[in-house]
Every structure is written in C-alpha cells, then in structure tokens.
Amino acid sequence: MPELPEVETIKRDLESKVKKRLIKSINIFEGSERLFIKKDINFFSTALIGNKIDCLSRHGKYLIFSISNKKYLIVHLRMTGSISINPSNSPMASYEKIRFNFDNNFSMSLMDIRKFATIDIYSNLVNFNQRIGPDSISHDFNPAFLKSKLVARKSSIKSALLDQSIAAGVGNIYADEACWDAGINPLQKAFLLNDDEINRLCASIKNVLFESINNRGTTINNYKDLLGNSGYHQTKVAVYGRVDKKCLRCSQKIIKTRVVGRSTFYCSKCQEL
DNA sequence: ACTATGCCCTGGGTGC
DNA sequence: TGCACCCAGGGCATAG
C-alpha cells in the first residue's frame with residue numbers, strides 16, 4: 001500500500017519518463033468508472049490530450065502532474081494502485097485502468113486491483129493544499145506545526161498521524177514505525193504529548209520516511225515500483241506486522257491491537273502509556 | 001466543531 | 001479439493 005516513501009520512489013523513477021512528454025491519446029479500460037472523481041470522462045480527456053507534462057511532484061500520497069495548460073492531474077494509488085511505463089503497442093496489462101500515450105511511442109499505465117485509486121483534474125491547487133497538510137518530509141512539517149495540531153486533539157496520536165491534514169503522507173505502517181522510534185504509545189491521547197515527545201515524534205516521522213525512501217519503500221502486500229519490483233524497507237520494519245515477535249530494543253513481545261479500524265503494533269515496554 | 005464508524009473493492013490466506 | 005469466511009486500509013460520507 002503506497003504511503004509517502006513508496007509514492008516518492010515512484011515519482012523519482014517516473015519523472016524523467018514523463019517530463020516534457022506530450023499526451024497524444026488516452027485509453028480508458030473497462031472497470032475504470034470509479035477512478036474518475038469527476039464523472040465526466042470527456043472533460044478529463046479534453047483537459048489532457050494535446051498538452052505536455054511540465055513536471056511531476058508529490059504531496060503526501062498524491063502524485064501531481066503539472067500540465068502545460070496550467071491544469072493539474074492528481075493521482076492517488078490508494079491500496080493497490082500501481083504505475084508502469086511501456087511501449088505504446090504493449091498489450092493491456094492485468095487490471096490496467098487507464099493508459100496515457102505519449103509522443104515518443106511510450107505510455108504510462110495505471111493499474112489497480114481493488115479500484116480504490118483515483119485521478120482528478122484541478123485548475124489550481126489552492127483547495128487541495130488547504131485540505132492536505134504540509135508534506136511530512138518538508139520543513140513546514142515541524143514540531144511547532146505538529147504541536148498546533150495536537151494541542152486540542154482528543155483522539156489517539158495514531159489517529160492524529162493518519163489524518164492527512166496533520167501528517168500528509170503518513171499511513172498505517174509508518175505511523176506505527178514512527179511511534180515505536182519515538183517511544184510513544186500509539187494509543188496515547190494526542191493532546192497529552194509534551195514538547196519533548198512532540199520533538200521526538202516529529203524527528204522519528206522524518207527518520208522513518210527518509211530511511212524507507214532510501215530503501216525504495218516497503219512492500220508488505222502489494223506495492224511495486226515502475227518496473228514491478230518490490231521495495232527493500234520491509235526487512236527494516238521494527239513493529240508493523242511483528243505481532244508476538246521480540247521488540248528490537250527491549251525483547252518484549254510486540255502487541256497487536258486496532259486503532260480507528262487499523263491494525264496497530266507497538267511494544268508495551270518501551271512505548272508505555 | 002470534532003470524532004468515530006462503515007463502506008468501497010478483490011486477492012490471498014485460513015480453517016473446516 | 002472446495003468452499004466460506006476474514007483480512008488488508010486510504011479517504012470519504014454519514015452518524016453521533
């Protein structure tokens with residue numbers, strides 16, 4: 001499931017393949033109806049066909065293609081979405097939902113088993129940037145910002161970290177990893193964190209995200225890069241999915257519970273409530 | 001205003 | 001071997 005490091009890996013690999021490419025045509029495959037946030041597929045096609053991709057960026061888990069006509073194509077891969085680059089005459093891939101054919105006889109394809117992925121066209125990013133908080137590896141995501149968001153937050157810190165208006169790009173795996181790294185119990189009420197804990201948590205979030213980027217992301221279930229390869233960070237994961245195994249710091253058994261409907265893993269000894 | 005819950009979706013795994 | 005169930009979780013709609 002692509003979170004920030006996985007989307008960042010895709011973005012870095014994809015950038016040189018799509019930058020300055022002209023979109024000649026688009027193929028839309030069966031079962032792609034849910035992909036389009038705005039149901040008008042004609043609007044989608046006319047906004048893109050004949051235009052170039054100026055550059056590619058990422059905000060949280062969203063991929064943002066800046067188009068030469070000043071519009072933005074925004075892609076979210078959700079749970080099982082993936083992207084690949086292939087010659088335009090390649091046969092349709094399994095679960096392929098949409099294909100963008102470029103002017104160099106290559107194409108960018110979006111595949112998705114579970115049909116949760118979304119694509120959308122924006123005329124500007126004002127609303128988007130208001131809805132999503134600062135990217136978790138940016139300078140704007142810092143202890144002062146985090147404190148401002150947690151001070152009145154009655155829910156658990158895990159719930160707060162999954163809120164994309166707080167920690168954009170953090171998902172279930174890295175929320176647990178960051179809490180473990182910082183020695184904070186994911187069930188702790190967010191507003192109870194003191195300054196020292198917020199400083200540690202902020203640093204830990206960045207640490208686990210940067211480390212995973214260096215390892216090309218974490219492949220637990222579905223994530224694959226542009227070439228269909230897994231990441232390497234799953235071998236470095238400290239708590240996620242390690243129920244009943246020994247904590248890497250204190251050898252206590254890792255506990256599994258559920259927080260806001262998500263599997264949550266922590267060490268009861270070094271992440272005391 | 002804030003927070004919690006259910007839903008979407010399908011392949012893979014498990015237990016009988 | 002087959003079948004029925006359960007689980008994975010991001011973001012949104014809805015309820016409280």
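Chain naming here is simple, since letters A, B, ... match the order of the sequence lines and numbering starts at 1 in each. Atom set for the values below is all heavy atoms of this structure, side chains included, hydrogens, waters and symmetry mates excluded.
Comparing the C1' positions of dG10(C) and dG13(B) gives a spacing of 22 Å, expressed to the nearest Å. Comparing dC9(B) with dA13(C), their P atoms sit 15 Å apart, to the nearest whole Å.
Between Arg216(A) and Asp13(A) there is a salt bridge, with a side-chain nitrogen of the basic residue lying less than 4.0 Å from a carboxylate oxygen of the acidic one. A salt bridge links Asp163(A) to Arg153(A): one of the charged nitrogens lies within less than 4.0 Å of a carboxylate oxygen.
One can place CZ of Phe265(A) at 7 Å from P of dA8(C), the figure rounded to the nearest angstrom. Rounded to an integer number of Å, the gap from CG of Leu162(A) to C1' of dA8(C) is 14 Å. Nucleotide dT3(B) holds its C1' atom 12 Å from the CD1 atom of Ile166(A), rounded to whole Å. Look at CZ on Arg258(A): it is 14 Å from C1' on dG10(C), rounded to the nearest Å. As a whole-Å value, the separation of Lys149(A) NZ from dA1(B) P is 13 Å. dT3(B) atom P lies 10 Å from atom CZ of Phe191(A), rounded to whole Å. Here the C1' atom of nucleotide dA8(C) and the CD atom of Glu3(A) are 12 Å apart, to the nearest Å. Asp112(A) has its CG atom 14 Å from the P atom of dG11(C), to the nearest Å.
For DNA chain C, the stems formed by at least three consecutive Watson-Crick or G-U pairs, with both atom-pair distances below 3.5 Å, span B:2-8 with C:10-16, B:10-16 with C:2-8.
Contact between the side-chain N/O atoms of Tyr95(A) and the OP1/OP2 oxygens of dG11(B) is found at a separation under 4.0 Å. Close to dC12(C), at under 4.0 Å from its OP1 or OP2, lies a side-chain N or O of Arg131(A). A sub-4.0 Å separation between OP1 or OP2 of dG11(C) and a side-chain N or O of His76(A) is present. Between Gln164(A) and dG11(C) there is a side-chain N or O to OP1 or OP2 distance below 4.0 Å. Remark: Ser263(A) is in phosphate contact with dA8(C), judged by side-chain N or O atoms under 4.0 Å from OP1 or OP2.
For the ring-ring contact (aromatic ring centres under 6.0 Å, His included) with Tyr240(A), the qualifying choice from Tyr266(A), Phe265(A), Tyr174(A), Trp180(A) is Phe265(A), the only one to do so.
The residue Lys97(A) sits apart from the nucleic acid: no heavy atom pair falls under 4.0 Å.
Closest heavy-atom contact between Pro186(A) and Ser156(A): O-CB, 3.4 Å.
The hydrophobic cluster containing Ile132(A), built from Ile/Leu/Val/Met/Phe/Trp/Tyr side-chain heavy atoms closer than 4.5 Å, also comprises Tyr62(A), Ile64(A), Tyr72(A), Ile74(A), Tyr122(A), Leu125(A), Phe128(A).
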**Message:** Protein within reach of the bases, or only the backbone? For nucleotides 4-9 of chain B, mark each nucleotide 5' to 3' as B, S or -, using heavy atoms under 4.0 Å.
**Reply:** S---BB

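The side chain to side chain contact (heavy atoms under 4.5 Å, CB included) test applied to Met111(A) returns Ser82(A), Ser84(A), Ala93(A), Glu96(A), Ser109(A), not counting sequence neighbours. A search for side chain to side chain contact (heavy atoms under 4.5 Å, CB included) contacts involving Asn194(A) returns Asp196(A), Glu197(A), not counting sequence neighbours.
A donor-acceptor contact shorter than 3.5 Å links the side chain of Lys206(A) to the backbone of Ser138(A).
Applying the salt bridge (Lys or Arg N to Asp or Glu O under 4.0 Å) definition to pairs two or more places apart or across chains, none involves residues 262-273 of chain A.
For the atom pair NZ (Lys236(A)) and CD (Glu211(A)), the distance works out to 8.0 Å, reported to the nearest 0.5 Å.
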